[in-house]
Amino acid sequence: MKKQALLAVMTSALLMSYPLGAQANDSVRTIERETVRVAENVKAEAPVSADDFIQSALDVLTYQHGSKEMREEIAKRWTGDTEVSSQKEITKGDISKLLVRALGIGEKEKTTSDYLQSAKIHGLLKIYSQADETVTAEEMTSILENAKQYMLKGTDRKGVDEISVEDFMKNPGDFGFEMSPDGEYISYSSEWENRMNVFIKKMDGEEEPVRVTSSKDRDVAASFWKGDNILYVKDNGGDENYHLYSSNFNGQEERDLTPYDGVRVQLISNLTGVEDEILIGMNKEDPTVFDVYRLNIKTGELDHVAKNPGNIAGWLADHDGKIRIAIESDGVDSTILYRETEEDEFKPFIQTEAGDTVSPIAFSKDNQSIYAVSNKNRDKIELVVFDMKANEKVLYSNPQVDVMGGLYDSTKDAILASVYMTDKLHYVFFDEALETIFNDLKEELNVSESELSINDYNKDMTKFIVSVSSDREYGTYYYYNAETEELTKLTELASWIDREMLADMHPISYTSRDGLTIHGYLTLPKNKKPEQLPLIVNPHGGPWARDMWGYNPEVQLLANRGYAVLQVNFRSSTGYGKEFTDAGNKQWGLKIQDDITDGVQWAIDQGIADPDRIGIYGASFGGYATLAGITFTPDLYAAAVDYVGVSNIFTLLDTIPPYWETMRNDLYKRVGHPEEDKELLEAVSPVFHADKIKTPLFVAQGANDPRVNKAESDQIVEALQKRGIDVEYMLKENEGHGFQNEENRIEFYHAMIEFFDKHLK
């Protein structure tokens, strides 16, 4: 059975895409400002409580300024097993422990004296300090200043050597490793003729890899094993009408299994244990919905299994390959339908309402239970299991964020693990054997849980493919034999880039103008003091998606050129509960944009960003936010890059792909109805207010984009040109929603960097 990487399995598709010392880049003026809060309440000579010190240290040494939960989590890391009463006057011994842990400079300290000595050695406390001494507000300011200076030690304003756009944006090397069903071979993506194609090789052999696909026009988008065949999908010029292809083991024969123009294919079930057949969905009969077909991958024969009446948004097969679950939806409310056999009629199983999510993951092996993620009757998405009477049992929930999903294993007939993301990715294991292997690998590779992923494993869970990635590590793949405990490096992505030259991505939080906690990430250029920097705010696509901590080539490129990069999970972002997502309903260009503006202002207030050198860049919805930013806050931004972005919400809604019809009502609810909300949509569509735009603008668009049509970019460019404003416009005839071909990516990012440098430097 194919196992996806935990993160890949559990993350919804995007609409577009500890050492606390690493979080401590801030300006000296912040120290002075934040410690005023304590000084106003406590006389300069009065002793400081533990809580006052911790809160001031959190203000100064981290960027978690808005999230009570994240501040508490960080404070627990700092205090460790130290008993610190919040109202008790803090001692220099306690301060030593807190700061040594916060700065990540601990070695083998065991006693308070050890920590105190370390604090003195690193210049945090004066040499004559005693462990039982209390500190005053005035002394606290000095101590936090020392901590800040320690973190800035060795930093100058020179930055680092430039890494070429080509090095960041060319194809990164081999990735997507997956085992064959027998565990003897692996498949992976690798470059051939400037396109990513599929190769296979013997797992434990020395033979040369065999290329099994020959795509020269587009990258292979995804691939997977079925028996001794490789199945893969790709589209035509970015139109997203993916076809399913097969290739035999030696690559001698490739075949388009779904050779239908204008038809999109999706995998419903690999039918593990069924030879040569899989279940797929296609909008072949009706472009707006997907029927279910049984496909023979050897003969290409199709068997029509389930007809979509026009309102089914998803299907789920049981372990016998029978379609037993259908998700009926009008775009807002949905009903999970169930049937005992394929001969029976579907009947209502679970009813949801607007904002509810119930997403089935898999049937149990006896087909008598259904694993799912659900936020029905609650705010956060939780991992659950339903019996056949729809009785629900919660397997895991997190009070801060949505659970991202669960990894079901048919051999063990159980959910093995779940993941959630607060500041970074975190795991919850239900299988002791897998947890032991994960922890052993984590220790051997010397990485945190957030940096390690299990990508694939064989049926017996004796052979594993794992990867390590982080904010400064694109990804390194390993093969692990659990029986011999042998770990073998397979490849390193973008190995030509020196990791020491890359920038840290810092989790942040701040409070919006109307009181919401907004999370995000701030990437600061390496070896530059975080003061008065040019800043690029980079709103994500969706908007029903979220930014995550990890390696991002375009963010690293911008940071390498000396820009601070701010990524904001504004309201409507997913992952923080339905209330937070719903707070963005009909708020395009309004409160969503306010959250982005508030983030920029937060960075300015911290002294990080130069208010005269703020740029904005985004793709898809992020492109809309870019245009909205320079339309509705024209004095805030000095340069803007709109990448496949929306300029006119009316034309966006009028040109959605046909297979989005089942979610049209949801778009009306979340964005606005073109007739009922006409005034609203006119007010927030940038194209109708182009006379307000004065910020230099660069627009990039794929001609075949099925989500944000070319007309979206054409309209805003034409509106500005009518006013005599010169807009840089890059149009690629062989691309869709974002540039996939290597040469186009490189050209775009060259142009973007040149544009920002011209206007912000």
Side-chain angles (χ1 to χ4, degrees), residues 11-17 66-67 331-333 352-357 375 378-381 400-402 421 508-521 537-548 566-602 616 618-629 631-633 645-650 652-653 656 660 663-674 676-677 679-686 707-708:
T11 306
S12 298
L14 300 185
L15 196 70
M16 131 56 35
S17 86
S67 172
V332 177
D333 298 329
T352 69
E353 298 177 356
D356 286 352
T357 294
N375 64 2
R378 52 186 171 266
D379 182 56
K380 302 295 191 296
I381 294 175
Q400 291 188 56
V401 292
D402 294 333
M421 179 167 289
I508 68 163
S509 61
Y510 57 90
T511 303
S512 71
R513 66 187 68 183
D514 60 350
L516 281 186
T517 298
I518 307 297
H519 297 266
Y521 300 92
V537 60
N538 178 214
H540 63 69
W544 310 286
R546 61 156 292 174
D547 281 317
M548 302 183 185
L566 178 65
Q567 297 169 279
V568 177
N569 285 325
F570 38 78
R571 73 190 70 202
S572 79
S573 299
T574 55
Y576 300 97
K578 81 171 83 166
E579 184 177 338
F580 187 83
T581 300
D582 291 348
N585 289 353
K586 298 187 180 180
Q587 293 300 315
W588 285 36
L590 300 171
K591 290 184 179 180
I592 292 176
Q593 203 68 32
D594 289 344
D595 292 344
I596 298 168
T597 303
D598 291 349
V600 174
Q601 190 59 52
W602 171 84
I616 183 167
S620 195
F621 174 82
Y624 165 81
T626 294
L627 295 176
T631 302
F632 306 123
T633 52
V646 177
S647 67
N648 183 340
I649 298 176
F650 293 100
L652 169 76
L653 294 173
I656 62 172
W660 282 12
M663 57 184 278
R664 180 177 286 278
N665 288 335
D666 191 50
L667 290 172
Y668 288 166
K669 182 193 77 171
R670 295 192 180 278
V671 183
H673 192 285
E676 297 171 9
D677 301 302
E679 290 185 6
L680 168 68
L681 299 187
E682 283 182 351
V684 298
S685 291
R707 307 186 193 193
V708 178

> Do any N or O atoms from the side chain of K591 and from the backbone of R571 form a donor-acceptor pair under 3.5 angstrom?
Replying inline: no
>> Quick one, I656 with R664, criterion side chain to side chain contact (heavy atoms under 4.5 Å, CB included). Give me CA distance, side-chain angles, the key distance, then yes/no.
In response: CA-CA 9 Å; I656 62 172; R664 180 177 286 278; 3.5 Å; yes
>> Counting C-beta onward and ignoring hydrogens, is there a side-chain heavy-atom pair between Y624 and V708 closer than 4.5 Å?
In response: no
> Should the pair W544 and W588 be assigned to parallel (<30°), tilted (30 to 60°) or perpendicular (>60°) ring geometry?
Replying inline: tilted
>> Quick check against the 3.5 Å criterion: does D333 have a side-chain atom that pairs as donor or acceptor with the backbone of A354?
In response: yes
>> F570 vs L516, test: side chain to side chain contact (heavy atoms under 4.5 Å, CB included). Steps then yes/no.
In response: CA-CA 9 Å; F570 38 78; L516 281 186; over 6 Å; no
> Backbone N or O of G577 within a donor-acceptor pair of the D379 side chain at under 3.5 Å?
Replying inline: no
> Any side-chain heavy atom of L680 sitting closer than 4.5 Å to one from L590?
Replying inline: yes
> Taking the side chain from S685 and the backbone from I649, do they hold a donor-acceptor pair closer than 3.5 Å?
Replying inline: yes
>> Y576 and side-chain hydrogen bond (donor to acceptor under 3.5 Å, both in side chains): which single residue from N569, D402, T581, T517 fits?
In response: N569
> Are Q587 and D594 side-chain neighbours, meaning at least one heavy-atom pair lies under 4.5 Å?
Replying inline: no
>> If you apply the rule side chain to side chain contact (heavy atoms under 4.5 Å, CB included), what do you find for I508 with L566, and how did you get there?
In response: CA-CA 9 Å; I508 68 163; L566 178 65; 3.4 Å; yes
>> So if I apply the side chain to side chain contact (heavy atoms under 4.5 Å, CB included) rule between V332 and each of M663, E353, K669, which one comes out positive?
In response: K669
